[in-house]
Amino acid sequence: MTSPRDDDRFDWHAAERDLNTPDAEVVDLDAARAARNPDPDDEDGGPVLVDSTDAQRSPRFTLDAVRTGQRRPILPAWLRSRSELRDAMRWAVGHLLHTTAYHLTRLPKYTGKLALRAPGGAWRLASGAVRWVFDWEGERLRQATSETRDGELYLKLSRQRDRRVRWRGIVATFTLALSLLGGAAMAWAPTWAQWAVPALLVTLCGLTGQPADKPLLDTAVVVPRVARLTSDVVVRALAVLGIAGISQAIAKQGNRAIAFTAPITRDGPGWRADIDLPPGVTAGDVIERRDRLAAGLTRPLGCVWPEGQPEVHPGRLLLWVGDQDMAATPPKPWPLLKTTGGFDLGRAVPFGTDPRGRVISIELPYTNLLIGSIPGYGKTAATQVPMLAAALDPYAELWCFDFKGTGGLDPLEKVSARYASGQDDDTAEQGLLALRELRKECQRRAAVIKGLPKTVCPDNKVTPELARRKKLGLHWLVVALDEVQELFSHAEFGKEAGDLAEKVIKLGRALGVILVVATQRPDAKSLPTGVSANAGTRFCLRVMGQIENDMILGTSAYKNGIRATMFAKKDKGVGYLVGAADDAQIVRTFYVDGPTAEKITDRARALREAAGTLTGHAIGQAAPTPAARRDTLLDDILTVVPATEAKVWAETLTERLAELNPEAYGDLTRDQLTAALKPYGITTGQVWGTDPTTGKGANRRGVERQHITDAVAERNKRRGDKAA
């Protein structure tokens, strides 16, 4: 019987026989590895698996990668900007002066504290000196050695103490002798020294006797303690947002799921973090949860400002966390308040500040400004800022129309060539007539520019130099239309006003004509797409939905993370500014109150009087208007079409209207007549008539007199007038 040990014995003879058989194969391990993982530098090495180590290693260093890399600025932003450096120096000097004045006024209090604390401090100094001379700090150790009966260690410590006391006693005696001699010499010292030395001793003793919890100096400036923003804090805040892509990535990869493309650094009065979100998560997903992000960071909502950077990629997030709530930070004064003279509108206009406190400016020439928000969030105040800057340029002409009628632009009335304010039909009509005149003005300016030599106007557009030449009439013409939805949605004037505004906003950019349009209802009817699409600069304060956001800021703005829906109730005056820089900016507009605006326009009026450019409404001259209003069109048609004539051709009707009132209907075409009748529900149809020149009958487009009569009755009923 064989044992288990014998059964488990390896059969070496059988193995040797297998190796000697023809079927045996010896494998070269190095060759096998090379075949499985070919050299990536060898062009004939075959394909590289995507999950292999060679495929996943970082690309090698190349010169092209360095050229396309982003260079970090050598100097911080506040040193590269003259205005920011000036603001920083002004703050530093102000802080120093405030602190100095604060402590100087409390100097008697500090002196009293030092005098009261001096005896205690003197006792601390004396007792400390005695303890040092007699080496009392080692007494406890020496007593401990005596209790342990370690005689040799005790004798060693005693000899050390004797040497210390002997040397320290000599030093103390010498110091005391010098002090006594100095005190005696004070009898012959100058008076100032006799006061200075005791004061110095009292100060020294007072500081020594100061309790640890009661500092001598009061706090001149209370600096809020803000926790440092770290990557762990950011990752923890992003994890609680409830975004599936972030939660799953953090669960698998931990903190490595959130990539920080640059170190978290101080940026102005706050911290800046540049973040790459996990694949599939966009910056907009985080921005729309701004309140939860602030809760995750345990910071006030007004301190947390996430922004997208779609020019990099949709998942790049720029997170700025301020030290103080933006709404609670005292607003900076408008820089133009400090100037005493005029302002050149060819320069950038200070418009507001970003969350970091930096001044953000906009350029009015060669662009048009569109402002929108829900009511009560600073739309009119934002409209007022560029208009006040334009008022300070004595060579710029202002037209101001407030279709809300609350007087938000009233301070500008005294410098405006055209002005109207109200919610009635008269104000809407004045706005329509102004747009007609503006269209004609654009045509005139285009003809003037076309006739100028290339040496004077090489780019075929108004320049700041041409705007100063009075004879050409190419001065900046700035037109403000506040609450413009009241005009564009008007039953009678809205369609024509929208068409005219679209033409002006397209052509006026190079002609020195600037439109500043503000609306609280950005929909297709209240804000024609041709107007919103051609506004080069847009400012959107708080809105409630994606459609309103994109109508003001541009198509796909919401998708790219530029979302004015994230602004909270207290973020008044805060909005997204698009078009003033390469990237969208969060800006809080400068606020100019009513009395201050009156002072600015008083100064602007004086500048215009000195330059001789005060015209129009500002000096009591009524703007030229047609003899007949557009809402008399129906009545004029009934005048030229007798009751015996049931139908009339459109061409015949335009000719009769032109004869009735050449100034109002001289340039009226059939298409314009059709468009003017459409708001009343009147459409043109086939009408049989006789051509007066040929005497032949034919079917042409025309209207029925009964339709006009019905429309007049309906209009009068709506207005509450008596039936005619």
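Scope of the values below: all heavy atoms of this structure, side chains included, with no hydrogens, waters or symmetry mates. Bear in mind that the values here come from a model prediction, so they are computed numbers and not experimental data.
- Salt bridge annotation for E659-R656: absent, with no cationic side-chain nitrogen under 4.0 angstrom from a carboxylate oxygen.
- Looking at every heavy atom in both residues, W334 comes nearest to I600 through CZ3-CD1, 3.7 Å.
- Here the closest non-hydrogen pair linking Y591 and A381 is CD1-CB, 4.1 Å.
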*asked:* Under the criterion side-chain contact (heavy atoms from CB on, under 4.5 Å), I'd like the reasoning laid out for L633 against Y665: C-alpha separation, chi angles, the key distance, then a yes or no.
replied: CA-CA 9 Å; L633 174 63; Y665 305 115; 3.8 Å; yes

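- In this structure, the side chain of R588 does not engage the main chain of G573 through any donor-acceptor pair within 3.5 Å.
- Put simply, the side chain of F493 reaches to within 4.5 Å of the side chain of E429, judged on heavy atoms.
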*Show your working on side-chain hydrogen bond (donor to acceptor under 3.5 Å, both in side chains) between W305 and E307 and close with a plain yes or no.*
CA-CA 7 Å; W305 298 102; E307 300 178 39; over 6 Å; no

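- Contact check for L388 versus T601: side-chain heavy atoms found under the 4.5 Å cut-off.
- Here the shortest heavy-atom pairing between T565 and N549 reads N-OD1, 4.2 Å.
- Between V687 and V703, every side-chain heavy-atom pair lies at or beyond the 4.5 Å cut-off.
- The pair K506-E502 counts as a salt bridge, with a side-chain nitrogen and a carboxylate oxygen less than 4.0 angstrom apart.
- Not counting sequence neighbours, the partners of Y576 by the ring-ring contact (aromatic ring centres under 6.0 Å, His included) test are F567.
- We find that R347 and E363 are not joined by a salt bridge, their nearest charged nitrogen and carboxylate oxygen being 4.0 Å or further apart.
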*List the steps and the verdict of side-chain contact (heavy atoms from CB on, under 4.5 Å) for V578 and F539.*
CA-CA 6 Å; V578 174; F539 183 62; over 6 Å; no

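- If you take CG on L677 and CD1 on I708, they are separated by 5.0 Å, rounding to the nearest 0.5 Å.
- The distance from atom CG of L507 to atom CD of E441, rounded to the nearest 0.5 Å, is 12.5 Å.
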_Show, in sequence, the C-alpha distance, side-chain angles and deciding distance for R436 and E496, and conclude whether the salt bridge (Lys or Arg N to Asp or Glu O under 4.0 Å) test is met._
CA-CA 9 Å; R436 290 183 191 167; E496 184 182 359; 3.1 Å; yes

*Show your working on side-chain contact (heavy atoms from CB on, under 4.5 Å) between L369 and V517 and close with a plain yes or no.*
CA-CA 6 Å; L369 177 60; V517 180; over 6 Å; no

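- Annotation: L660, atom CG; neighbour count of heavy atoms from other residues, nucleotides and ligands within 6.0 Å is above 12.
- The side-chain contact (heavy atoms from CB on, under 4.5 Å) check on T683 picks up nothing, with sequence neighbours excluded.
- Across all non-hydrogen atoms, the minimal contact from G512 to V462 is N-CG2, 3.8 Å.
- In this structure, the side chain of N368 engages the main chain of L515 through a donor-acceptor pair within 3.5 Å.
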*Please assess Y419 against D402 for the test side-chain hydrogen bond (donor to acceptor under 3.5 Å, both in side chains), listing each intermediate value before the final yes or no.*
CA-CA 8 Å; Y419 185 84; D402 174 18; 5.2 Å; no

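- In this structure, the side chain of T674 engages the main chain of R670 through a donor-acceptor pair within 3.5 Å.
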*Could you walk me through whether R605 and V415 pass the side-chain contact (heavy atoms from CB on, under 4.5 Å) check?*
CA-CA 6 Å; R605 185 180 177 91; V415 292; 3.9 Å; yes

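- Taking a cutoff of 4.0 Å between a charged side-chain nitrogen and a carboxylate oxygen, K495 and D499 qualify as a salt bridge.
- Side-chain contact between Q520 and S373: absent, with no pair of heavy atoms (C-beta onward) separated by less than 4.5 Å.
- Once rounded to the nearest 0.5 Å, the distance linking CG of L345 with OH of Y395 reads 14.0 Å.
- In this structure, CZ on F401 lies 9.0 Å from OG on S416, to the nearest 0.5 angstrom.
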Table please: side-chain donor-acceptor pairs of residues 527-537 below 3.5 Å, with sequence neighbours left out.
| from | atom 1 | to | atom 2 | distance (Å) |
| --- | --- | --- | --- | --- |
| S532 | OG | T529 | O | 3.3 |
| N534 | ND2 | G530 | O | 2.6 |
| T537 | OG1 | T367 | OG1 | 3.1 |

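- For the pair D393 and R468, the salt-bridge criterion is met [side-chain N within less than 4.0 Å of a carboxylate O].
- K332 meets the side-chain contact (heavy atoms from CB on, under 4.5 Å) test with D87, T353, F590; sequence neighbours excluded.
- Between E645 and R705, every side-chain heavy-atom pair lies at or beyond the 4.5 Å cut-off.
- Across all non-hydrogen atoms, the minimal contact from L487 to G431 is CD2-C, 4.4 Å.
- One N or O on the side chain of D354 and one on the backbone of G357 form a donor-acceptor pair closer than 3.5 Å.
- Within 6.0 Å of NZ on K404 lie more than 12 heavy atoms contributed by other residues, nucleotides or ligands.
- Looking only at side-chain heavy atoms (C-beta outward), L432 and L500 come within less than 4.5 Å of each other.
- With values rounded to the nearest 0.5 angstrom, M387 atom CE is found 11.5 Å from W399 atom CH2.
- Counting heavy atoms of neighbouring residues, nucleotides and ligands inside a 6.0 Å radius, atom NZ of K599 does not exceed 12 of them.
- For E704, the side-chain contact (heavy atoms from CB on, under 4.5 Å) partners at least two apart in sequence or on another chain are K647, H707.
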*Begin from the C-alpha positions of H490 and D425 and carry the test side-chain hydrogen bond (donor to acceptor under 3.5 Å, both in side chains) through to its verdict.*
CA-CA 9 Å; H490 194 276; D425 291 342; 2.8 Å; yes

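- Salt-bridge check for K414 with E598: passed, with a basic side-chain N closer than 4.0 Å to an acidic carboxylate O.
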_I'd like to know whether N460 forms a side-chain hydrogen bond (donor to acceptor under 3.5 Å, both in side chains) with K454, so could you lay out the CA-CA distance, the side-chain angles of the two residues, the decisive distance to 0.1 Å, and finally the verdict._
CA-CA 8 Å; N460 296 322; K454 291 296 182 181; 3.0 Å; yes

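- Here the CD atom belonging to Q706 is positioned 10.5 Å from the CD1 atom belonging to I682, to the nearest 0.5 angstrom.
- Using a 4.5 Å cut-off on side-chain heavy atoms (C-beta onward), V648 and V640 make no contact.
- Two residues are said to be in side-chain contact when any heavy atoms from C-beta on lie closer than 4.5 Å; F488 and T519 fail this criterion.
- Between the side chains of D636 and T639, not a single donor N or O lies within less than 3.5 Å of an accepting N or O.
- In this structure, C442 and V513 approach most closely via the heavy-atom pair SG-CG2, 4.1 Å.
- In this structure, K379 pairs ionically with E483, as a charged nitrogen and a carboxylate oxygen lie closer than 4.0 Å.
- Annotation: cation-pi pair K461/Y366 present, NZ/CZ under 6.0 Å from the ring centroid and within 45° of its normal.
- Within 6.0 Å of atom CZ in R469, 12 or fewer heavy atoms from other residues, nucleotides or ligands are found, so the atom counts as exposed in its surroundings.
- Sorted by first then second residue, the salt bridge (charged side-chain N to carboxylate O under 4.0 Å, His left out) pairs that include residues 538-564, not counting sequence neighbours, are E288-R563.
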